[in-house]
Amino acid sequence: MDSVSSNSRRVMLKRFILGSVSSMVAPAWVGRVLAEVSEPMAGPAQIRLKLVDFPVLQAAGGSVQVEFSQISKPFTLNRVSAAEFVALDSRCTHAGCTVGKYVVADGRMRCPCHGSRYDIRGRVFRDAEGNSTEPAPRDIERFASSYDPVTQMVAITIPGLGFGIRSISVQPPGRMKLRFSASAFSKYEILYSETLNGTFTRVSFATTPTGAANQTSIQTTADGIVPLEVYVDASGPKGFYVVSLVLKEV
Ligand code: FES
């Protein structure tokens with residue numbers, strides 16, 4: 001691989017825009033969020049969800065929970081109105097159980113452990129003086145989110161979610177090293193497409209510079225944010241590699 005093609009590939013990779021791909025896999029929705037390619041990663045990671053993947057979110061009151069790590073609580077996404085979504089940590093502020101989704105008929109989210117109730121925005125039920133009437137003392141933590149009605153996507157910023165390609169380097173012959181931040185107990189895959197608008201497909205990779213590229217996913221087992229390195233064999237003269245975080249609706 002000569003330096004010209006290496007450089008152009010690096011430029012193209014850097015242009016990749018954060019996006020998401022998903023698929024319906026019964027019984028749970030499984031999606032992948034692609035890392036924005038940037039050096040170095042700036043700020044907390046964003047997860048973008050396509051509304052089309054979640055029919056229940058078509059109507060106000062719709063609520064889904066999505067898991068992105070085996071040790072973190074899923075996040076909850078509630079549709080308050082046509083234009084307003086609220087993304088919440090699902091950790092109960094009483095003793096940390098996972099609060100259930102919003103139920104329209106009941107007008108609340110409920111914690112299964114000791115019954116704390118929260119409204120659709122994650123606010124704990126309170127009396128006229130503003131004191132919590134529930135075992136939970138506080139509102140659920142809310143994540144920053146935004147909704148784009150044109151693309152029908154909701155972007156959610158998850159603090160502490162380590163996700164993003166930190167560096168890309170060409171490892172001759174024809175092998176590229178992707179280095180990225182990963183969150184504990186989360187599963188990652190590498191996708192490739194020849195063009196930005198093309199279909200991204202999963203590719204196998206190696207975890208050592210000279211090892212066989214025969215792995216299709218990698219899961220972190222250490223606590224905290226850890227750097228991971230994988231090695232992909234160049235799939236063509238040009239293209240886009242992205243790291244994807246595997247999500248699961250729970
Ligand atoms: Fe939720 Fe106790 S942990 S009510």
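For the single chain, residues carry numbers from 1 onward in sequence order. Ligands are counted one by one from 1 in listed order, and the atoms in each one are counted from 1 as well.
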Checklist entry - Of all the atoms in His114, is at least one N, O or S atom closer to atom 2 (Fe) of ligand 1 than 2.8 Å? => result yes
Checklist entry - How about Cys97: does one of its N, O or S atoms come closer than 2.8 Å to atom 2 (Fe) of ligand 1? => result no
Checklist entry - Salt bridge between Arg126 and Asp119, side-chain N to carboxylate O under 4.0 Å? => result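 Looking at Asp119 together with Arg126, the answer is no, because their closest N to O distance does not fall below 4.0 Å.
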Checklist entry - Considering only the protein, which heavy-atom contact is closest to atom 4 (S) of ligand 1, and what is its distance? => result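 For atom 4 (S) of ligand 1, the nearest protein heavy atom is Ser116 OG, 3.1 Å.
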Item to check | atom 3 (S) of ligand 1: nearest protein contact (heavy atom, Å) | outcome: Ala95 N, 3.3 Å
Checklist entry - Rounded to 10°, how big is the angle at atom 1 (Fe) of ligand 1 from Cys111 SG to Cys92 SG? => result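 About 110° at atom 1 (Fe) of ligand 1.
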Checklist entry - So, the side chain of Arg117 versus the backbone of Phe125: is there a donor-acceptor pair under 3.5 Å, distance only? => result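 No; zero donor-acceptor contacts below 3.5 Å.
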Checklist entry - Angle class for the Tyr147/Phe85 ring planes (parallel below 30°, perpendicular above 60°, tilted otherwise)? => result tilted
Checklist entry - Would you say the side-chain atoms of Glu189 and Ser217 include a donor-acceptor pair closer than 3.5 Å? => result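 Result is no, nothing qualifies.
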Next on the checklist: Is Cys113 close enough to atom 1 (Fe) of ligand 1 that one of its N, O or S atoms comes in under 2.8 Å?
Outcome noted: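 No, outside the cut-off.
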Next on the checklist: For Ser204 and Asn214: C-alpha separation, side-chain torsions, deciding distance, then whether side-chain hydrogen bond (donor to acceptor under 3.5 Å, both in side chains) applies.
Outcome noted: CA-CA 5 Å; Ser204 51; Asn214 56 9; over 6 Å; no
Next on the checklist: Under the criterion disulfide (SG to SG under 2.5 Å), I'd like the reasoning laid out for Cys92 against Cys111: C-alpha separation, chi angles, the key distance, then a yes or no.
Outcome noted: CA-CA 7 Å; Cys92 182; Cys111 178; 3.8 Å; no
Checklist entry - For atom 2 (Fe) of ligand 1, what is the closest N, O or S atom on His94? => result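 Going through the N, O and S atoms of His94 one by one, ND1 ends up nearest to atom 2 (Fe) of ligand 1.
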